[in-house]
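Heads up, the thing below is written out as structure tokens.
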Amino acid sequence: NAGVTQTPKFQVLKTGQSMTLQCAQDMNHNSMYWYRQDPGMGLRLIYYSASEGTTDKGEVPNGYNVSRLNKREFSLRLESAAPSQTSVYFCASRAGQPRPYGYTFGSGTRLTVV
Amino acid sequence: KQEVTQIPAALSVPEGENLVLNCSFTDSAIYNLQWFRQDPGKGLTSLLLIQSSQREQTSGRLNASLDKSSGRSTLYIAASQPGDSATYLCAVSTNSGNTPLVFGKGTRLSVIA
């Protein structure tokens, strides 16, 4: 099925460990996004990529890095995980100009840092 | 900075009732507004997308309206069912087609059989 695929679905890390969250879309969308969702805080933008080859910081970028590997893939890396990064992470994509249709979201990665 | 507010935070209604969820935004220069549904422990499912030039969109029992000048949108759910129980999120995109969505914190809906 066409859509946004995130891996892994669940992950437990120890403080200080690193990991990369993977995201891929097969809809030929230009723009891709990483959000985190925390209770009482809603969804907050971490980083986004408006088009292949570009990335920009969102509201809460500290502690994260991203790579737009190609048009399909946008990864999120935690270099040294902290308990404050315990959250559910969502990747999304959108077609962008000239047809800025709505967003499509992945099913999320539930990350726990102990 | 765009801020999106959703009221109420939680709502409980009996099955069959018609209901309205509210969303307000501070910057009226939006490009589009999107309503999502999120079931517990799941991802977001897009329900309706309203472009800034539109007043409303309908899908089945759902109707979303947009009043840009007042910075408001409503999601109307007709004849609610227990299966409608979920969190409903409103999100807006400003200025250009690539501007990231800004989300409200959602309304948690419970429809009681």
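Just so you know, these numbers use all the heavy atoms, side chains as well, and skip hydrogens, waters and symmetry mates. Every chain is numbered from 1, with letters handed out A, B, ... down the list of sequences.
- For B:Arg108, there are no side chain to side chain donor-acceptor pair (under 3.5 Å) partners, not counting sequence neighbours.
- Within 6.0 Å of the CZ atom in B:Arg72, the count of heavy atoms belonging to other residues, nucleotides or ligands does not exceed 12.
- Note on B:Val102 and B:Phe25: same hydrophobic cluster, where clusters join Ile, Leu, Val, Met, Phe, Trp and Tyr whose side-chain heavy atoms are under 4.5 Å apart, directly or indirectly.
- Using a 4.5 Å heavy-atom cutoff, the side chains of B:Gln34 and A:Arg94 are not in contact.
- No chain of hydrophobic side-chain contacts below 4.5 Å, direct or via other Ile, Leu, Val, Met, Phe, Trp or Tyr residues, connects A:Tyr89 to B:Phe36.
- Of the two parts of A:Glu59, only the side chain, counted from C-beta on, holds a non-hydrogen atom closer than 4.5 Å to a non-hydrogen atom of chain B.
- Connection of A:Met19 to A:Phe90 is not established within any shared hydrophobic cluster, with ILVMFWY side chains joined at heavy-atom distances below 4.5 Å, either directly or through further cluster members.
- Contacts between residues 105-114 of chain A and chain B, defined by a heavy-atom separation under 4.5 Å, are made by A:Phe105, A:Gly106, A:Ser107, A:Arg110.
- For residues 31-50 of chain B, every residue pair satisfying the salt bridge (charged side-chain N to carboxylate O under 4.0 Å, His left out) rule, not counting sequence neighbours, is listed here: B:Arg37-B:Asp39.
- Note on B:Leu62 and B:Leu33: same hydrophobic cluster, where clusters join Ile, Leu, Val, Met, Phe, Trp and Tyr whose side-chain heavy atoms are under 4.5 Å apart, directly or indirectly.
- Under a hydrophobic-cluster definition in which Ile, Leu, Val, Met, Phe, Trp and Tyr are linked whenever side-chain heavy atoms come within less than 4.5 Å, directly or via other members, B:Leu44 and A:Leu21 are assigned to different clusters.
- For A:Met41, the CE atom counts as loosely surrounded, since its 6.0 Å shell holds 12 or fewer non-hydrogen atoms of other residues, nucleotides or ligands.
- How far CZ of A:Arg44 is from NZ of B:Lys105: 9.0 Å, rounded to the nearest 0.5 Å.
- Note that CZ of B:Phe103 and OH of A:Tyr103 are 7.5 Å apart. Values are rounded to the nearest 0.5 Å.
- Counting only heavy atoms from C-beta outward, the side chains of A:Trp34 and B:Pro100 never approach each other to under 4.5 Å.
- Using a 4.5 Å heavy-atom cutoff, the side chains of B:Leu101 and A:Tyr35 are in contact.
- Residue B:Leu48: no heavy atom, backbone or side chain, is found under 4.5 Å from chain A.
- Of the atoms belonging to A:Leu43, heavy atoms from both backbone and side chain fall under 4.5 Å from chain B.
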Identify each donor-acceptor pair in which a side-chain atom of residues 78-86 of chain B lies under 3.5 Å from a protein atom, sequence neighbours left out, and give them as a table.
| unit_1 | atom_1 | unit_2 | atom_2 | d |
| --- | --- | --- | --- | --- |
| B:Ser80 | OG | B:Glu17 | N | 3.3 |
| B:Ser80 | OG | B:Glu17 | O | 2.8 |
| B:Asp84 | OD1 | B:Arg61 | NH2 | 2.8 |
| B:Asp84 | OD2 | B:Arg61 | NH1 | 3.0 |
| B:Asp84 | OD2 | B:Arg61 | NH2 | 3.2 |
| B:Asp84 | OD2 | B:Gln81 | N | 2.8 |
| B:Ser85 | OG | B:Pro82 | O | 2.9 |
| B:Ser85 | OG | B:Val111 | N | 2.9 |

